[in-house]
Number of protein chains: 2
Amino acid sequence: MRYEELADLPCSITRPLVLLGDRWTLLVLKEAFAGVRRFNAFRSHLGIPRSRLQDRLTRLVEHGVLARRPAEDGEHPEYRLTRKGHDLYPVLMAIRDWGDSHMAPDGPPVHYRHTGCDGEAHVKLECDACGTRLSAHDVTPQAGPGLR
Amino acid sequence: MRYEELADLPCSITRPLVLLGDRWTLLVLKEAFAGVRRFNAFRSHLGIPRSRLQDRLTRLVEHGVLARRPAEDGEHPEYRLTRKGHDLYPVLMAIRDWGDSHMAPDGPPVHYRHTGCDGEAHVKLECDACGTRLSAHDVTPQAGPGLR
DNA sequence: AACCTCCGGTCTCTTTTCGGGACCAGAGGC
DNA sequence: GCCTCTGGTCCCGAAAAGAGACCGGAGGTT
């Protein structure tokens with residue numbers, strides 16, 4: 001129970017990571033953003049063991065990231081992103097930007113294009129007051145209300 | 001060796017995750033961005049077992065995310081972010097934005113402020129051509145040069 | 001020198017988690 | 001009635017994580 005206790009720390013990086021920080025969870029979510037909804041579809045795309053997939057899906061449902069619906073037409077359940085899950089898209093896109101920059105010697109395997117536009121989607125860190133583009137050097141941490 | 005093979009897939013989300021997707025790696029990097037450089041400092045801040053920390057640091061050095069220097073003044077080695085490591089900041093900030101939104105009922109534990117400005121740093125997904133703010137619905141994947 | 005401490009790092013043992021396959025039940029299809 | 005597909009559970013051997021003992025080099029003290 002040592003590691004799970006990290007989720008109680010007042011840190012908005014640590015807390016999500018206790019949920020998301022493992023081999024499969026973010027990969028499952030990546031598939032979900034690609035439109036995958038069915039149990040066996042996740043399984044065949046990722047090669048994840050069934051029991052592991054079951055664990056991860058259940059946990060994501062418990063945390064409100066996915067919703068399990070008994071399916072609308074057929075009988076087979078669907079796992080769909082909730083609003084909360086949908087909000088994770090920038091995380092995956094930030095990872096992808098990094099992957100394209102540093103782990104894609106032949107260029108990006110996939111372009112993520114603004115639909116109906118020539119541009120590509122990229123993640124940017126900005127100051128919400130002055131709009132300046134920021135890097136780690138420009139940011140200063142400061143105590144907030146959620147600090148116990 | 002099944003799981004590691006995912007790193008060979010032509011996907012810029014999957015490839016980084018094989019390196020970053022585990023309990024500790026992103027937490028170690030979070031500490032690195034907070035200025036931590038020494039072995040025992042990582043250890044005491046995170047409560048990570050020493051052998052685990054050793055593994056992770058070594059792996060990050062091998063991947064060029066951290067650099068191990070014999071230290072400039074004293075004798076003790078330092079682990080510092082490389083350029084490649086520095087580029088991971090948006091990933092951590094994207095996670096933090098999500099944590100603040102969905103896992104911080106009492107408000108953000110920490111504000112990440114634009115130094116010398118009142119604004120806060122936030123991650124945004126934008127079209128690099130037209131500048132529009134994008135969500136997952138506005139993005140279409142398209143084959144790129146890195147696709148085998 | 002002898003002793004003590006601090007530090008990064010290794011080794012080893014136990015517990016937890018993961019991987020992979022067997023097994024199961026419900027829903028159709030034929 | 002039988003075969004198949006699907007989501008889901010169970011179980012066991014393998015891999016990874018946790019925890020603590022141990023080690024060696026560098027300083028500091030006396």
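For the numbers below, each heavy atom of this structure counts, side chains included, while hydrogens, waters and symmetry mates do not. We name chains A, B, ... by the order of the sequence lines, and we start the count at 1 in each one.
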[X] has an atom [atom1]; how far is it from atom [atom2] of [N], in whole Å?
| X | N | atom1 | atom2 | result |
| --- | --- | --- | --- | --- |
| Ile48(B) | dA16(D) | CD1 | P | 16 Å |
| Tyr3(B) | dG20(C) | OH | P | 13 Å |
| Glu5(A) | dT16(C) | CD | P | 14 Å |
| Leu27(A) | dC18(C) | CG | P | 13 Å |
| Arg37(B) | dG8(C) | CZ | P | 14 Å |
| Glu4(B) | dC18(C) | CD | C1' | 13 Å |
| Arg52(B) | dG20(D) | CZ | P | 14 Å |
| Arg43(A) | dG21(C) | CZ | P | 10 Å |

### Message
Tell me which residues in residues 18-26 of chain B lie within less than 4.0 Å of DNA chain D, going by non-hydrogen atoms.
### Response
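By residue number: Arg23(B), Trp24(B).
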How far apart are the closest heavy atoms of [X] and [Y], and which atoms are they?
| X | Y | answer |
| --- | --- | --- |
| Leu134(B) | Cys127(B) | CD1-N, 3.6 Å |
| Phe42(B) | Val28(B) | CE2-O, 3.3 Å |
| Val139(B) | Ala121(A) | CG2-CB, 4.0 Å |

### Spacing of CG belonging to Leu66(A) relative to NE2 belonging to His86(A), to within rounding of 0.5 Å
13.0 Å
### Task
Sequence neighbours left out, what pairs pass salt bridge (charged side-chain N to carboxylate O under 4.0 Å, His left out) with at least one residue falling in residues 105-121 of chain A?
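Output for this query lists Arg96(A)-Glu120(A).
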Extract all donor-acceptor atom pairs below 3.5 Å that involve side chains of residues 8-22 of chain B and protein atoms in other chains or at least two apart in sequence.
from     : atom 1 : to        : atom 2 : distance (Å)
Ser12(B) : OG     : Asp100(A) : OD1    : 2.5
Thr14(B) : OG1    : Lys30(A)  : NZ     : 3.1
Arg15(B) : NE     : Met103(A) : O      : 3.0
Arg15(B) : NH1    : Leu9(B)   : O      : 3.1
Arg15(B) : NH2    : Met103(A) : O      : 3.2
Asp22(B) : OD1    : Trp24(B)  : N      : 2.8
Asp22(B) : OD1    : Thr25(B)  : N      : 3.2
Asp22(B) : OD1    : Thr25(B)  : OG1    : 3.3
Asp22(B) : OD1    : Arg56(B)  : NE     : 3.1
Asp22(B) : OD2    : Thr25(B)  : OG1    : 2.4
Asp22(B) : OD2    : Arg59(B)  : NH2    : 3.3

### Query
Are a donor atom and an acceptor atom from the side chains of His63(B) and His102(A) found within less than 3.5 Å of each other?
no
### Query
How bent is the helix from dA1(C)-dT30(D) to dC30(C)-dG1(D), comparing axes over its five end pairs at each side, to the nearest 10°?
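Computed from the C1' atoms at both ends, the axes differ by 0°.
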### Task
State which residues pass salt bridge (Lys or Arg N to Asp or Glu O under 4.0 Å) with Glu31(B); sequence neighbours excluded, sorted by chain then number.
none
### Query
If you measure from the Lys or Arg side-chain nitrogens to the Asp or Glu carboxylate oxygens, is any gap between Lys124(B) and Glu126(B) under 4.0 Å?
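Looking at Glu126(B) together with Lys124(B), the answer is no, because their closest N to O distance does not fall below 4.0 Å.
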### Query
Can you give one letter per nucleotide of nucleotides 4-9 of chain D, 5' to 3': B if a protein heavy atom sits under 4.0 Å from the base, S if only from the sugar-phosphate, - if neither?
--SBBB
### Task
Tell me what Arg56(B) touches on the nucleic acid: a base, only sugar-phosphate, or nothing, going by heavy atoms under 4.0 Å.
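Sugar-phosphate contact only.
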### Task
Could you tell me whether the side chain of Arg43(B) reaches within less than 4.5 Å of the side chain of Asn40(B), counting heavy atoms only?
yes
### Query
Honestly, is Arg38(A) close enough over Tyr79(A), meaning NZ or CZ under 6.0 Å from the six-membered ring centre and within 45° of the axis?
no
